[in-house]
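Just so you know, these numbers use all the heavy atoms, side chains as well, and skip hydrogens, waters and symmetry mates. Each chain gets a letter, A, B and so on, in the order the sequences are listed, and its residues count up from 1.
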Amino acid sequence: MNHELSIQNSLTRQKEKFVPLKEGFIGMYVCGPTVYSDVHLGNCRTFVSFDVMYRFLLHLGYKVRYVRNITDVGHLVDDADTGDDKIGERAKLEQLEPMEVVQKYSNGFHEMMDIFNTRKPSIEPRATGHIMEQIEMVETILANGLAYEKNGSVYFDTIKFASTHDEYGKLSGRVIDELLVETRDDLKNQDEKNHPSDFAIWMRADESHLMKWESPWSIGFPGWHLECSAMSTKYLGEQFDIHGGGNDLKFPHHENEIAQNIGACNCSPAKYWIHTNMLLMNGRKMSKSDNNSITPDQLFSGDSEHITKAYSPMVVKFFMLQSHYGSTLDLTDAALLAGEKGYKKIMEANRYLQGLAGGGSGNAELETKIQELIDQAVADMHDDFNTPKALSRLFELVPIINSHKDGKDGFDTISAEAISAMQETFKVYLFDIFGLQDEFETEGNAIADKFSGLMELIIDIRKDARTEKNWGTSDKIRDKLTELDIQLKDGKEGTHWTLN
RNA sequence: GGUCGCGUGGCCGAGCGGUUAGGCAGUGGUCUGCAAAACCAUCUACAGCGGUUCAAAUCCGCUCGCGACCUCCA
């Protein structure tokens with residue numbers, strides 16, 4: 001089958017056929033976290049979403065350069081243009097060096113990304129490592145007449161940019177006329193900026209500021225939006241294929257990023273913009289201040305008033321994959337519970353499937369259906385990375401697999417080719433593309449092997465008891481194992497066991 | 001107030017002009033010493049009101065409700 005990849009492009013608000021700028025190669029830039037506190041669960045959803053895209057593009061055979069930055073300077077606590085940045089603020093609070101703060105939370109972030117089994121980006125640049133590039137970009141923008149200096153700070157001139165380029169507001173849907181109207185009302189009590197919508201690309205630092213660098217204008221620090229422009233240009237060129245980030249970065253961050261890039265090189269940076277939607281909890285955006293939030297660790301330990309039990313990382317990831325990245329996802333205890341059961345069901349089916357060898361004489365009808373489902377899963381992923389739909393195809397294959405397990409008539413006739421096609425599909429989708437892990441199997445193979453042997457022994461002993469109709473012993477074994485979260489399932493072909 | 005988006009069955013969540021989405025929960029059956037699992041069957045839908053169309057959850061309009069952004073946020 002010949003599939004075309006299509007992507008919902010935020011810039012044009014349309015689903016477009018994906019054509020890379022250079023055949024076979026893809027440059028993808030995703031705005032990474034600001035490392036001033038522990039990772040937020042919403043961050044995790046975003047980066048899991050982009051990880052799946054990255055994995056899928058690799059699966060399609062593209063050579064992908066995936067750049068995801070770490071913001072370690074410039075991200076202000078508020079918009080007063082006077083306050084310290086988030087890192088500096090935190091450093092004072094925790095009595096640490098700013099770089100200690102950065103290191104601490106970067107480590108935490110990376111650990112969490114590992115826990116969620118995401119692939120590392122090709123390049124993970126830091127803003128503080130690219131001060132020179134940012135200063136150069138400010139110089140270029142100034143030279144192009146799209147910025148102005150005031151008291152050692154440099155501001156991007158949005159009004160001039162909007163009047164000379166028909167670009168500002170395109171991504172976020174802001175109307176530039178409104179910016180102009182605002183001028184009259186807001187001009188009186190203005191700070192250094194000529195206009196409220198102008199934004200700093202370089203800021204002069206005051207005495208108390210911890211992180212500052214020399215520049216032609218002042219000792220100061222770069223504006224938050226500038227780092228992404230500078231680093232994407234450095235590693236992916238002035239134009240590249242995909243730029244991603246959370247929905248909430250559209251404005252002002254991404255809008256300003258585009259303005260800066262155009263201001264510097266007169267070209268729009270990314271061909272396709274992808275925005276992931278928010279993770280909600282109980283219908284609202286997660287927010288620490290509203291007490292409507294949960295950390296990944298709380299989720300894993302069950303230590304939160306919002307949930308009734310602990311959920312493993314893969315269950316959480318599976319839960320995320322059951323919705324499309326472009327939609328909001330509502331996290332509730334009931335939804336997680338449902339996700340957990342679904343996750344276990346598909347992993348168990350996969351384990352059985354991968355253990356199959358050989359095949360039957362053939363079953364044209366069933367095999368046609370299997371092939372259709374496999375093809376549809378492939379098509380679903382090509383259709384704007386539709387993970388929930390692709391997953392649903394795998395779920396439709398599960399009854400077929402389980403029927404085979406039950407030895408039902410007709411199902412054991414599936415040919416070896418069809419079985420291996422399913423094996424390959426499950427393996428590729430679950431593990432390579434979705435980046436899931438079978439949590440039972442990853443719990444240490446050596447121990448798992450011994451454990452399996454032990455379980456076989458116990459099941460064998462119980463089988464003897466059952467043959468003698470010694471139900472007391474039989475049930476005692478089963479009940480005790482249940483207490484240990486090991487479940488026995490008596491089937492036609494013997495007893496299977498699973499971990500709960 | 002402005003911009004964008006959303007309202008799908010008990011819950012989560014796809015679909016976006018004509019087909020059973022899927023998961024979880026429920027119900028009835030098969031299997032079973034019992035249980036669980038599995039398998040088979042099955043019940044709950046497209047916020048409301050109009051319009052376009054042979055045909056609308058899907059397009060258009062209005063009403064109601066909700067969310068995000070407009071200030072830092074993935």
Side-chain angles (χ1 to χ4, degrees), chain A residues 10 13 30-34 36-37 39-50 75-80 83 85-86 169 171-175 177-178 181-182 197 224 244-253 255 275-280 283-288 318-319 322-346 348-349 352 376 380 383 386-396 398-408 411 466 469-471 474-475 478-479 482 487-492 495-498:
Chain A
S10 315
R13 295 165 218 284
V30 173
C31 290
T34 302
Y36 70 103
S37 73
V39 234
H40 182 93
L41 230 205
N43 277 289
C44 297
R45 150 121 124 141
T46 293
F47 299 128
V48 162
S49 296
F50 284 109
H75 206 154
L76 292 182
V77 174
D78 56 45
D79 194 39
D85 72 35
K86 289 191 169 187
L171 178 70
S172 59
R174 306 289 133 156
V175 184
D177 290 346
E178 282 161 22
V181 170
E182 279 172 26
S197 64
W224 171 43
N247 195 149
D248 46 359
L249 292 182
K250 251 191 207 173
F251 189 88
H253 185 58
E255 195 71 72
H275 287 96
T276 58
N277 218 134
M278 298 294 103
L279 179 65
L280 309 178
R284 300 201 139 257
K285 183 173 177 176
M286 284 198 188
S287 147
K288 281 180 199 166
F318 179 83
F319 163 74
Q322 273 192 304
S323 74
H324 190 257
Y325 74 83
S327 304
T328 53
L329 170 61
D330 196 7
L331 183 133
T332 59
D333 192 56
L336 284 168
L337 217 47
E340 180 174 66
K341 295 210 174 179
Y343 167 75
K344 283 183 174 163
K345 183 176 179 173
I346 207 163
E348 215 175 297
Y352 178 78
Q376 280 168 331
D380 294 334
D383 182 13
N386 198 327
T387 56
K389 215 171 170 188
L391 258 177
S392 80
R393 310 298 187 190
L394 299 188
F395 269 109
E396 290 193 62
V398 166
I400 295 174
I401 294 165
N402 286 334
S403 299
H404 187 283
K405 182 161 72 180
D406 279 0
K408 286 249 165 98
F411 294 98
R466 295 180 76 212
K469 296 199 189 298
N470 185 350
W471 308 128
S474 162
D475 289 352
R478 190 175 63 198
D479 293 346
T482 303
Q487 190 173 55
L488 294 185
K489 298 169 183 176
D490 296 326
K492 249 183 186 163
T495 302
H496 295 278
W497 61 276
T498 53

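If you check B:rA74, B:rA68, B:rC69 against the side chain of A:Phe251, the one that comes closest is B:rC69. The side chain of A:Lys389 lies closest to B:rG15, out of B:rC69, B:rA35, B:rG15. Residue A:Ser323 has its side chain nearest to B:rA14 when only B:rC70, B:rC12, B:rA14 are considered. Considering only the side chain of A:Lys285, B:rC69 comes nearest among B:rC69, B:rG33, B:rA74. When distances run from any side-chain atom of A:Ser474 to the nucleotides B:rC4, B:rG33, B:rC12, the shortest one goes to B:rG33. The A:Pro252 side chain lies nearest to B:rC70 when the options are B:rC39, B:rC70, B:rC12.
Across the protein-nucleic acid pair, A:Asp333 atom CG and B:rG10 atom C1' stand 15 Å apart, rounded to whole Å. Between the C1' atom of B:rA35 and the CD atom of A:Gln487 lies a distance of 10 Å, rounded to the nearest Å. Here B:rA68 presents its P atom at 17 Å from NE2 of A:His275, a figure rounded to the nearest Å. For the pair A:Asp490 CG and B:rA35 C1', the interatomic distance rounds to 9 Å; values are reported in whole Å. Atoms CG (A:Leu394) and P (B:rG13) sit 20 Å apart, rounded to a whole Å. Atom CG in A:Asn277 sits roughly 14 Å away from atom P in B:rG67 (whole-Å rounding). Nucleotide B:rA38 holds its P atom 17 Å from the CH2 atom of A:Trp497, rounded to whole Å. Taking atom CG of residue A:Leu488 and atom C1' of nucleotide B:rA36, one finds them 9 Å apart after rounding to whole Å.
Straight-line distance between the C1' atoms of B:rC4 and B:rU19: roughly 32 Å, to the nearest whole Å. The same atom, C1', is picked in B:rU53 and in B:rU63; the two are 23 Å apart, to the nearest Å. When the P atom is compared between B:rC6 and B:rC62, the two are found 16 Å apart, to the nearest whole Å. Distance check on atom P: B:rG22 versus B:rC60 gives 28 Å, rounded to whole Å. Of the C1' atoms belonging to B:rA56 and B:rC66, the separation is 23 Å, rounded to the nearest Å. Separating the P atom of B:rC16 from that of B:rA47 is a span of 16 Å, rounded to the nearest Å. Between the P atoms of B:rU20 and B:rA57, the separation comes to 14 Å (whole Å). Taking atom P in both B:rG15 and B:rG7, the straight-line distance is 10 Å, to the nearest Å.
When A:Thr276, A:Asn247, A:Asp248 are each tested for a side-chain hydrogen bond (donor to acceptor under 3.5 Å, both in side chains) with A:Thr46, only one passes: A:Thr276. For the side chain to side chain contact (heavy atoms under 4.5 Å, CB included) with A:Gln376, the lone residue among A:Glu396, A:Lys389, A:Arg393 that qualifies is A:Arg393.
Checked by atom type, the side-chain pair A:Thr495/A:Asp490 shows a donor-acceptor distance below 3.5 Å. There is a side-chain donor-acceptor pair under 3.5 Å between A:Ser323 and A:Arg45. In summary, the side chains of A:His275 and A:Tyr325 do not present any donor paired with an acceptor at a separation below 3.5 Å, with no hydrogens or angles considered.
Looking at heavy-atom distances under 4.0 Å, A:Gly245 makes contact with sugar-phosphate atoms alone, never a base. Across all strands, A:Leu329 comes closer than 4.0 Å only to sugar-phosphate atoms, never to a base (heavy-atom distances). Base engagement by A:Leu279 is indicated by at least one non-hydrogen atom pair under 4.0 Å involving a base atom. Across all strands shown, A:Asp330 has heavy atoms under 4.0 Å from sugar-phosphate atoms exclusively, and none from any base. Nucleic acid contact for A:His253: none, since no nucleic acid atom lies under 4.0 Å from a heavy atom of the residue.
When side chains are defined from C-beta on, A:Leu171 does not count as touching A:Phe251, because their heavy atoms never get closer than 4.5 Å.
Rounding to the nearest 0.5 Å places CG of A:Leu279 at 6.0 Å from CG of A:Leu41. From A:Ser392, atom OG reaches atom CD of A:Gln322 across 9.5 Å, with rounding to the nearest 0.5 Å. How far NZ of A:Lys250 is from OG of A:Ser172: 8.0 Å, rounded to the nearest 0.5 Å. A:Met278 CE to A:Lys285 NZ: the interatomic distance, rounded to the nearest 0.5 Å, is 5.5 Å. Atom CG of A:Leu336 and atom CZ of A:Phe318 lie 12.0 Å apart (nearest 0.5 Å).
Taking the nucleotide of RNA chain B with the nearest heavy atom to each of A:Lys250 and A:Arg466, the more 5' of the two is matched to A:Lys250. Across the interface with RNA chain B, nearest-nucleotide mapping of A:Arg13 and A:Arg284 shows A:Arg13 to be the residue nearer the 5′ end.
Using a 4.0 Å cut-off, some side-chain N or O of A:Asn402 falls inside it from OP1 or OP2 of B:rC39. Contact annotation: A:Ser327 side-chain N/O to B:rA14 OP1/OP2 distance is under 4.0 Å. Checking the phosphate oxygens (OP1, OP2) of B:rG15, a side-chain nitrogen or oxygen of A:Asn386 falls inside 4.0 Å.
For A:His40 and B:rA74, a side-chain-to-base donor-acceptor distance below 3.5 Å is present, hydrogens and geometry of angles not being considered. With hydrogens and angles left out, the side chain of A:Arg478 and the base of B:rC34 share a donor-acceptor pair within 3.5 Å.
Between A:Glu348 and A:Lys489, at least one side-chain nitrogen of the basic residue sits less than 4.0 Å from a carboxylate oxygen of the acidic one, meeting the salt-bridge criterion.
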- line: Writing each nucleotide of RNA chain B 5' to 3' as (, ), [, ], | or . by Watson-Crick or G-U pairing under 3.5 Å yields ((((((((.[[[..)..(...]]].(((((.......)))))....[[[[[..)....]]]]])))))))....
Grab the N/O contacts between the protein and nucleotides 22-26 of chain B below 3.5 Å, and write none if there aren't any.
residue, atom, partner, partner atom, Å
B:rG23, O2', A:Ala338, O, 3.4
B:rA25, OP1, A:Lys341, NZ, 2.7

